[in-house]
Protein chains: 2
Amino acid sequence: MALGWQDVQAEALRRIRSREWAPGEQIPNEADLARELGCARATVNRALRALAEAGWLERRRRAGTRVAPAPLRRAQVAIPLIRKEIENRGQTASHAVIDRNRPPLPPPIRAALGLPATAPVERVRTLYLADGRPFACEDRWVHLAAVPDFADAPLDRIDPNEWLVRNAPFDHGTLDYCAAPATAEDARHLSCETGAAIMVLTRTTFGPAAPVTHVRLAYAPGYHLRLEI
Amino acid sequence: MALGWQDVQAEALRRIRSREWAPGEQIPNEADLARELGCARATVNRALRALAEAGWLERRRRAGTRVAPAPLRRAQVAIPLIRKEIENRGQTASHAVIDRNRPPLPPPIRAALGLPATAPVERVRTLYLADGRPFACEDRWVHLAAVPDFADAPLDRIDPNEWLVRNAPFDHGTLDYCAAPATAEDARHLSCETGAAIMVLTRTTFGPAAPVTHVRLAYAPGYHLRLEI
DNA sequence: TAGTGGTCTAGACCACGGC
DNA sequence: CCGTGGTCTAGACCACTAG
């Protein structure tokens with residue numbers, strides 16, 4: 001025998017794909033499957049749980065396990081450091097801080113972070129370069145009450161993205177990618193034309209107790225976001 | 001006691017965040033943790049495995065478990081049916097097939113699918129509408145040898161995206177989002193201006209044995225791709 | 001080669017929620 | 001109510017790999 005959970009998963013997937021288990025249909029319960037396949041229920045559980053997480057199955061107590069009617073698949077996107085993203089392309093990464101100061105918090109940023117107007121924030125604008133050519137430009141607001149040490153971060157040596165990832169790991173957050181025309185300022189930093197179609201990532205991250213940072217990242221034309229499914 | 005794996009996970013996360021377990025540092029092995037926390041090793045294993053999958057820990061046999069130096073977080077993006085995507089916005093979805101035929105396979109598409117020039121393919125162009133207004137336009141190539149029934153799919157009643165998801169679940173595939181200027185044809189279908197910044201999704205999916213479909217989906221201006229992390 | 005995580009087992013109890 | 005998945009346990013063996 002020696003059936004592992006991956007074998008059970010493969011067999012279940014085969015039955016789903018061959019329509020032996022049709023979409024929407026209830027499949028045998030864990031105990032029966034374990035008996036049929038000759039392994040422990042825990043092994044079947046592990047396999048079916050993985051398939052449910054991948055979107056192939058829907059499981060509910062008492063109601064049993066069903067094949068997802070329209071398999072909702074989930075793709076994973078790794079959120080790498082910008083530096084790594086550049087190096088993974090085989091290029092050399094560098095960065096330059098454009099400016100760093102503490103202007104009043106604009107209402108849209110304040111709303112995204114959920115902070116009062118008086119909250120202490122630092123704004124840093126940074127240009128990321130790949131082989132010396134503009135890769136992306138970043139407009140970042142950092143909540144100093146959540147990350148007091150950021151005020152002393154040596155941003156000439158380590159970029160803001162990497163400093164924060166290393167020093168202020170976050171709990172959760174949201175990412176929003178959209179296509180937008182480059183603003184005049186984007187165009188100046190990225191050496192492209194105003195109005196060029198560029199990818200803009202807006203990201204807000206939160207720590208256990210308080211918002212950490214809000215960032216708008218404008219990628220130079222030609223950027224691709226790739227996902228595997 | 002009654003410590004569950006989620007409790008163990010929470011405790012581990014607390015230690016990571018509090019730097020009790022510093023980045024890059026090796027943490028106690030599973031057996032020791034189980035003894036310390038008063039639960040079975042399997043419970044600790046489940047908790048630490050989940051943290052590793054989420055990017056907080058790096059685990060290797062013999063080398064033990066370490067706190068990830070720069071937590072590489074992964075975000076999940078659900079790949080919904082276009083119809084669902086529209087309905088989730090509270091709008092009414094509809095679609096219209098623009099044309100459907102069997103032209104020769106252009107080299108770029110052929111390369112993406114990894115098919116010979118003679119492979120039987122059907123091309124369908126479709127416009128997706130939200131509340132009657134253009135939402136996205138799709139240029140799809142379907143490998144008929146992998147999905148013979150597609151030739152008879154009633155695409156006036158069910159859109160190509162949904163038909164394929166329901167009738168030809170795929171194994172794996174790639175997604176590629178990029179920002180691009182709308183072509184003249186995109187602009188005509190989407191009622192926007194030529195050159196407007198739009199999001200373009202290129203997706204290729206493969207079945208167990210053969211490529212299934214290659215699709216270019218151009219979203220109307222204003223589309224956002226949102227991810228949670 | 002020894003220590004670590006990866007996994008399987010058999011059994012048990014529990015929580016949820018259709019019926 | 002009671003069947004189902006969710007989880008815990010104690011023990012065991014295995015696979016990998018750093019030292």
Side-chain angles (χ1 to χ4, degrees), chain A residues 1-16 20-69 71-72 74 76, chain B residues 1-16 20-69 71-72 74 76:
Chain A
M1 284 302 177
L3 271 199
W5 70 269
Q6 311 214 39
D7 301 301
V8 175
Q9 187 186 42
E11 170 61 13
L13 211 45
R14 188 191 66 72
R15 295 186 185 185
I16 294 170
E20 190 173 330
W21 291 344
E25 182 182 313
Q26 183 166 348
I27 74 173
N29 68 35
E30 295 186 348
D32 288 345
L33 274 175
R35 221 169 302 126
E36 179 201 335
L37 299 174
C39 64
R41 183 166 81 94
T43 305
V44 174
N45 180 279
R46 175 92 195 261
L48 298 189
R49 181 157 39 84
L51 286 176
E53 278 166 13
W56 291 100
L57 297 174
E58 291 172 0
R59 320 193 74 197
R60 274 153 62 204
R61 284 172 152 130
R62 166 74 194 185
T65 299
R66 299 181 166 278
V67 179
L72 168 62
R74 297 178 190 81
Q76 280 209 337
Chain B
M1 282 303 177
L3 270 201
W5 71 269
Q6 312 214 38
D7 301 302
V8 174
Q9 185 185 43
E11 171 61 14
L13 251 185
R14 188 191 65 72
R15 295 187 186 183
I16 293 169
E20 188 175 329
W21 291 344
E25 180 182 316
Q26 183 167 349
I27 73 173
N29 68 34
E30 296 186 347
D32 288 345
L33 274 176
R35 220 170 301 127
E36 180 200 335
L37 299 174
C39 64
R41 182 167 81 93
T43 305
V44 174
N45 180 279
R46 175 93 197 262
L48 298 190
R49 182 157 39 84
L51 287 175
E53 278 166 14
W56 291 101
L57 297 174
E58 291 171 2
R59 322 193 73 195
R60 273 154 62 203
R61 285 172 158 140
R62 167 71 192 184
T65 299
R66 299 180 165 278
V67 178
L72 168 63
R74 295 176 192 86
Q76 281 206 336

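Lettering follows sequence order; numbering is per chain, from 1.
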At what distance, to the nearest 0.5 angstrom, does CD of B:Gln9 lie from CD1 of B:Ile16? 9.0 Å

By nearest-nucleotide position on DNA chain D, the 5'-leaning member of A:Arg60 and B:Arg60 is A:Arg60

Please round to the nearest 0.5 Å and tell me the distance separating atom CZ of B:Arg66 and atom CD of B:Gln26. 5.0 Å

Within this structure, what is the CD-to-P distance between B:Glu58 and C:dT4, rounded to whole angstrom? 18 Å

Rounded to whole Å, the CZ-C1' distance (A:Arg61 to C:dC14) equals 8 Å

In whole Å, I'd like the distance from the CG atom of A:Asn29 to the P atom of C:dG18. 17 Å

Using whole Å, what does the distance between atom C1' of nucleotide D:dA15 and atom CZ of B:Arg59 come to? 15 Å

Nearest-0.5 Å distance, CG of residue A:Asp7 to CG of residue A:Leu37: 10.0 Å

Distance check needed: D:dT9 P versus B:Glu30 CD, whole Å only. 13 Å

Considering only heavy side-chain atoms of B:Trp5, the closest of D:dT7, C:dG6, D:dG5 is D:dT7

Regarding the side chain of B:Cys39, the nearest nucleotide among D:dG5, D:dT9, C:dT7 is D:dT9

So CD of A:Gln6 and CD of A:Glu11: to nearest 0.5 Å the spacing works out to 14.5 Å

Show every donor-acceptor pair shorter than 3.5 Å between a side-chain atom in residues 44-57 of chain B and any protein atom, with sequence neighbours excluded, or say none if there are none.
unit_1, atom_1, unit_2, atom_2, d
B:Asn45, OD1, B:Arg49, NE, 3.4
B:Asn45, ND2, B:Glu30, OE2, 2.9

Within this structure, what is the CG-to-P distance between A:Leu57 and D:dT4, rounded to whole angstrom? 16 Å

Hey, does A:Leu3 have a side-chain heavy atom less than 4.5 Å from the side chain of A:Thr43? no

Duplex segments of DNA chain D, taken as runs of at least three Watson-Crick or G-U pairs that stay under 3.5 Å: C:1-18 with D:1-18

Which residues within residues 44-52 of chain B lie with some heavy atom under 4.0 Å of an atom in DNA chain C? B:Asn45

Taking all non-hydrogen atoms of both residues into account, name the closest pair between A:Pro23 and A:Pro69 and its distance. CB-O, 3.7 Å

Just checking B:Ala63: base, sugar-phosphate only, or nothing, at a heavy-atom cut-off of under 4.0 Å? sugar-phosphate

For A:Arg41 and A:Arg35: C-alpha separation, side-chain torsions, deciding distance, then whether side chain to side chain contact (heavy atoms under 4.5 Å, CB included) applies. CA-CA 8 Å; A:Arg41 183 166 81 94; A:Arg35 221 169 302 126; over 6 Å; no

Between A:Asp7 (CG) and C:dG6 (P), how many Å, whole number? 18 Å

Surrounding CZ of B:Arg60 (heavy atoms of other residues, nucleotides or ligands, distance under 6.0 Å), is the total greater than 12? no

For A:Thr43 and for A:Arg62, locate the closest nucleotide of DNA chain C by heavy-atom distance; then report the residue assigned to the nucleotide nearer the 5' terminus. A:Thr43

Around atom CZ of B:Arg14, are there more than 12 heavy atoms from other residues, nucleotides or ligands closer than 6.0 Å? yes

Here the distance between atom P of C:dG3 and atom CD of B:Gln26, to the nearest Å, is 13 Å

N/O donor-acceptor pair, side chain A:Arg41 with base C:dA10, under 3.5 angstrom: no

Hey, is the side chain of A:Thr65 poking within less than 4.0 Å of OP1 or OP2 on D:dG5, counting only N and O atoms? yes

